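What follows is a short report on a single structure.
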Amino acid sequence: MDYFLSEEQLMIRDIARQIAEEKIIPQRAKFDEKEEFPSEIMEVIAQADLFRLFIPEEYEGLGKGSLDLTVAIEELSRACLGVATSYAAVALGTYPILLYGSEEQKRRYLPDIASGKRLVAFALTEPTAGSDAGGIQTTARLEGDEYVLNGTKQWITNAGVADIYTVIALTDKSKGARGASAFIVEKGTKGFSFGKKERKMGIRASITSELIFEDCRIPKENIIGREGMGFIVAMKTLDNSRVGVGAQGVGVAQGAFEEAMKFARQRRQFGQPITSFQAIQHMLADMATQIEAARALVYSVARYIDSGARDISKESAMAKLFATDVAMRVTVDAVQIMGGSGYMREYPVEKMMRDAKILQIYEGTNQIQRNVIAQALIKEASRGR
Ligand code: COS
């Protein structure tokens with residue numbers, strides 16, 4: 001389908017595709033096997049200016065929109081979801097600064113993020129707060145000119161490799177979610193360390209670890225927005241980033257479909273290529289249809305965000321929900337079409353299937369997306385829309 005992407009968007013797609021084909025695909029099995037963070041790929045992505053896409057021009061970015069980022073994420077995900085996660089998590093971690101940061105914070109941090117010199121991580125989840133994001137326990141106590149952070153963040157993408165962390169912590173425990181605030185914490189700050197590195201089912205090219213804050217003192221200017229705004233900062237951040245998770249779903253599904261199609265055209269059984277069997281044809285038709293529907297929704301939502309729409313929770317959640325459920329179904333079916341070969345590590349689809357599972361879980365489970373969508377629908381209905 002032609003989505004009428006601009007010349008620039010087509011160029012972004014071509015650049016990301018070239019990186020994917022020349023640099024990522026030849027190494028993705030190694031990253032997966034060794035659970036290795038792809039530092040050199042991040043450098044290539046930086047040199048190609050892909051980190052500049054989501055940074056405004058006045059801070060040395062390219063000032064591009066959600067659709068431009070979507071196109072880049074999709075292409076990287078088509079090759080390796082682990083690499084794409086490491087890239088997209090930088091945008092996720094940057095949204096709090098982009099959306100609510102002060103001019104001083106933007107000047108201080110965004111140029112280095114744009115150049116790829118400093119990677120970013122977003123830290124909301126804790127051992128006791130996953131879907132219930134308001135249930136965080138990490139505290140930030142104001143003492144003179146400093147906030148003192150204490151607590152543990154869990155399952156943080158880019159932990160350790162990132163230099164800048166946007167962290168949600170409670171400044172007023174008695175107020176629950178309304179007592180949360182957002183902060184910028186730099187790697188190397190005393191009292192800030194990293195816990196165990198997780199061993200994951202998939203996206204093994206991305207790093208996931210704990211963040212540990214023990215009397216970690218940061219300047220009080222590192223608060224993002226005002227005290228009490230942390231939950232809203234987190235929710236708005238996720239509203240903006242979830243469409244990108246949808247793009248990851250479209251990308252990995254497309255990659256798996258292409259592998260299954262290539263295999264099916266060559267594989268012969270009962271004296272003919274398996275593409276001549278209706279059982280396989282119907283699976284391929286369903287996969288392609290679902291991918292196209294997911295892409296159409298993800299691109300539409302990205303365009304809606306780029307139009308300046310303010311309330312994007314429902315649409316972004318729909319894109320994430322639909323496209324990531326498609327990714328799971330399509331990657332499972334790709335393994336099925338390839339049969340025994342699909343199950344073997346020699347082919348990439350078993351990795352794609354393991355990788356895809358996280359998309360239904362992170363940045364809000366797909367059950368949470370349904371809650372977000374339903375709440376918005378009920379609100380709209382009560383307003384008579
Ligand atoms: N934009 C603006 N405001 C929002 C918002 C959004 N997207 N979502 C919630 N709010 C506001 C609500 O309007 C409410 O404001 P008031 O206190 O003024 O009424 C406040 O935030 C609390 O909202 P709510 O009562 O809906 O919060 P809940 O604790 O019930 O939880 C969910 C809301 C479940 C949607 C939230 O906790 C969530 O998104 N969880 C998943 C977290 C997640 O994605 N984790 C992944 C980790 S990051 S990789």
Side-chain angles (χ1 to χ4, degrees), residues 73 81 84-96 99-100 120-138 151-159 162 165-170 172 174-182 198 200 203 206-211 224-249 301 304-305 309-321 324 357-380 382-383:
I73 292 175
L81 204 52
T85 295
S86 307
Y87 170 70
V90 175
L92 171 70
T94 307
Y95 279 123
L99 297 171
Y100 295 98
V120 194
F122 177 65
L124 171 64
T125 302
E126 298 188 7
T128 57
S131 291
D132 179 11
I136 57 169
Q137 306 277 324
T138 295
T152 303
K153 294 286 174 184
Q154 182 177 256
W155 302 330
I156 305 305
T157 303
N158 285 347
Y165 296 78
T166 45
V167 179
I168 312 297
L170 296 177
D172 186 344
S174 67
K175 290 191 185 154
R178 284 183 179 190
S181 306
E198 303 292 348
K200 305 190 294 293
I203 57 160
S206 79
I207 296 276
T208 315
S209 293
E210 277 176 336
L211 311 185
I224 302 174
R226 292 186 316 278
E227 276 195 17
M229 277 178 64
F231 193 72
I232 301 297
V233 172
M235 290 300 112
K236 288 282 184 200
T237 289
L238 291 165
D239 284 349
N240 278 277
S241 70
R242 279 174 181 154
V243 65
V245 183
Q248 292 182 32
V301 171
Y304 180 60
I305 295 172
R310 287 170 64 89
D311 193 355
I312 54 169
S313 307
K314 181 187 73 182
E315 291 75 12
S316 199
M318 283 175 164
K320 194 266 187 192
L321 167 65
T324 64
K357 186 62 207 167
I358 193 61
L359 300 175
Q360 296 178 309
I361 299 171
Y362 69 16
E363 295 192 35
T365 63
N366 283 6
Q367 286 68 30
I368 287 291
Q369 307 310 316
R370 289 178 171 91
N371 288 1
V372 170
I373 296 162
Q375 290 306 323
L377 292 173
I378 293 162
K379 224 191 255 177
E380 283 169 15
S382 69
R383 285 196 213 117

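What you are looking at is a predicted structure, and each value in this text was computed from that prediction instead of being measured. First listed ligand is number 1; within each ligand, the first listed atom is number 1. Starting from 1, each residue takes its place in the sequence as its number.
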Heavy-atom closest pair, residues Ser86 and Asn158: O-ND2, 3.1 Å
Should one rank Phe231, Tyr362, Phe122, Trp155 by closest heavy-atom distance to atom 28 (P) of ligand 1, which comes out on top? Phe231
Output for pair (Ser241 OG, Glu363 CD), nearest 0.5 Å, gives 3.5 Å
Heavy-atom distances under 4.0 Å are what count here, so tell me which part of Thr365 touches ligand 1: side chain, backbone, both or neither. neither
Ser313, any N or O under 3.5 Å of ligand 1 N or O: yes
Let me confirm one number: the OG1-NZ distance from Thr324 to Lys357, rounded to the nearest 0.5 Å. 9.0 Å
Do we see a donor-acceptor contact under 3.5 Å between the side chains of Ser313 and Asp239? yes
Going by atom types only, do Tyr362 and Thr85 share a side-chain donor-acceptor pair under 3.5 Å? yes
Going by distance only, is there an N or O of Arg178 that falls short of 3.5 Å from an N or O of ligand 1? yes
Which residue from Gly130, Ser131, Ser316 reaches closest to atom 40 (N) of ligand 1 through any of its heavy atoms? Ser131
Under 3.5 Å, is there a donor-acceptor pair linking the side chains of Thr138 and Glu126? yes
Ligand 1 versus Ile232, non-hydrogen atoms closer than 4.0 Å: side chain, backbone, both, neither? side chain
I want to know if ligand 1 touches Asp239 in the polar sense, i.e. an N/O pair below 3.5 angstrom. yes
To atom 47 (C) of ligand 1, the nearest of Thr125, Thr157, Ile368 on a heavy-atom basis is Thr125
Backbone or side-chain N or O of Gly364 under 3.5 Å from ligand 1 N or O: yes
If you measure every N/O of Arg242 against every N/O of ligand 1, is any gap under 3.5 Å? yes
